[in-house]
Amino acid sequence: MVVIVGPTGIGKTALSIHLARHFQSPVISADSRQIYKELRIGTATPSESEMEGIAHYLIGTKSILDYYNAYEFEQDVLSLTQKLFVQHKTLILTGGSMMYVDAFCNGIDLLPTVDPKLRLELQEQLETEGLQSIRRQLKLLDPVFYEQVDLKNPKRVVHAVEMCLMTGRPYSQLRTSPKHKRPFRIIKIGLEMERAALYQRINDRVDEMISAGLIDEARELYPYRHLNALNTVGYKELFQHFDGLISLDKAIELIKRDSRRYSKKQLSWFKRDEEIYWFSPENTEEVIKFVRGKIK
RNA sequence: GGUACCAUAGCUCAGUUGGUAGAGCAACGGACUGAAAAUCCGUGUGUCCCUGGUUCGAUUCCAGGUGGUACCA
């Protein structure tokens, strides 16, 4: 499995299609937003012509109304690999969703799916009684995790409480962080380029999205704005504009800024992974040579 | 050409009764186990326009220069 990672807008799609042609391999997307069929322009989902007839998986296979998460992604990719490795020696997984890539490469602990009712209750508690009250609850339920968790991060604290209440056990006992063995080899390729050049690409790509009709796409999705799938760069900023809070120009500027910030977060995550071999996105031939060398 | 005002961080600006400076935004760094394009934490990055003068000491006061803005010719 050739895993291609890197910041948004750097050219993962183009490289993956090159590799796919060379290795006669299908492409699996590791993108937590391109998986939604309603989000196309704002997520830079590759078009039919861009895909050049190469089979792509996990793009547009879910609806924004569906619940989806990193565990389901891991399961989806694993069952895909079982099918696809029968006919292909090499597969390509490409995408910038850090946690999805991690869930696939290393596995993720088996945890229950949170009951939506419980999530809602805790959300209400958070809003009415504040983070402090959820923290107190966590301290009682799981003093070990209470010491480890980022107590200022509501999502982390709430989720830990959710897990304790769902299982009746301390969350810290459920977190075993095993490195799951995979019945195939994983080769990780990272793409990087000079910061200024990357930001230029990101800014230009946002302008292209606007020309391609992102505003109309966002307007159609506006009624669904409170869904998690729409808490997404490119949409949430336009929703603010539709609400009359900011001008269109300001919204576009914010989309660019938030995309840049996202790319920085991705780099911060991926740079920590010592298994990644880094390349410049123009060096397609070099990557192919490198992968061939690894496969032999 | 004359007069007035301005010149401080990437940007918009505070400020220092003379002891080399701080806000917002931008930027930068980091964390991350079923919401992850989410969520959270941390950091001031500076020839205070230039050259002289006064002073123990000038970004601050004075003179000249340069650039900008406004008004008058």
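Chain letters run A, B, ... following the sequence lines, proteins first and then strands; every chain starts at 1.
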If you write RNA chain B from 5' to 3' in dot-bracket form, with Watson-Crick or G-U pairs under 3.5 Å, [ ] for crossing pairs and | for pairs with another strand, what do you get? (((((((..((((.....[..)))).(((((.......))))).....(((((..]....)))))))))))).
Tell me whether the OP1 or OP2 atom of [N] has a side-chain N or O from [X] closer than 4.0 Å.
| X | N | answer |
| --- | --- | --- |
| A:Tyr68 | B:A35 | no |
| A:Arg257 | B:A27 | no |
| A:Arg33 | B:A36 | yes |
| A:Arg156 | B:A31 | no |

Checking only heavy atoms, does the side chain of A:Lys265 share a donor-acceptor pair with the base of B:U39 at less than 3.5 Å?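 Check passes, donor-acceptor contact within cut-off.
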With sugar-phosphate meaning primed atoms plus P, OP1 and OP2, does A:Phe145 contact a base, only sugar-phosphate, or nothing at under 4.0 Å between heavy atoms?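 No contact.
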Between A:Arg40 and A:Glu217, does any NZ, NE, NH1 or NH2 come within less than 4.0 Å of an OD or OE carboxylate oxygen?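 Salt bridge: no.
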Is it true that A:Lys256 and A:Asp207 have a side-chain N and a carboxylate O under 4.0 angstrom from each other?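 Yes, charged N to carboxylate O under 4.0 Å.
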State which residues pass ring-ring contact (aromatic ring centres under 6.0 Å, His included) with A:His159; sequence neighbours excluded, sorted by chain then number.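 Once residues adjacent in sequence are excluded, the partners of A:His159 under the ring-ring contact (aromatic ring centres under 6.0 Å, His included) criterion are A:Tyr171.
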If the C1' atom of B:U43 is compared with that of B:A9, how far apart are they to the nearest Å?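 Going atom to atom, C1' in each nucleotide, I get 14 Å.
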Check for me whether A:Lys271 meets the cation-pi criterion with A:Trp278, that is, NZ or CZ under 6.0 Å from the six-membered ring centre and within 45 degrees of the ring axis.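 Positive - A:Lys271 is close enough to the ring of A:Trp278 and near enough to its axis.
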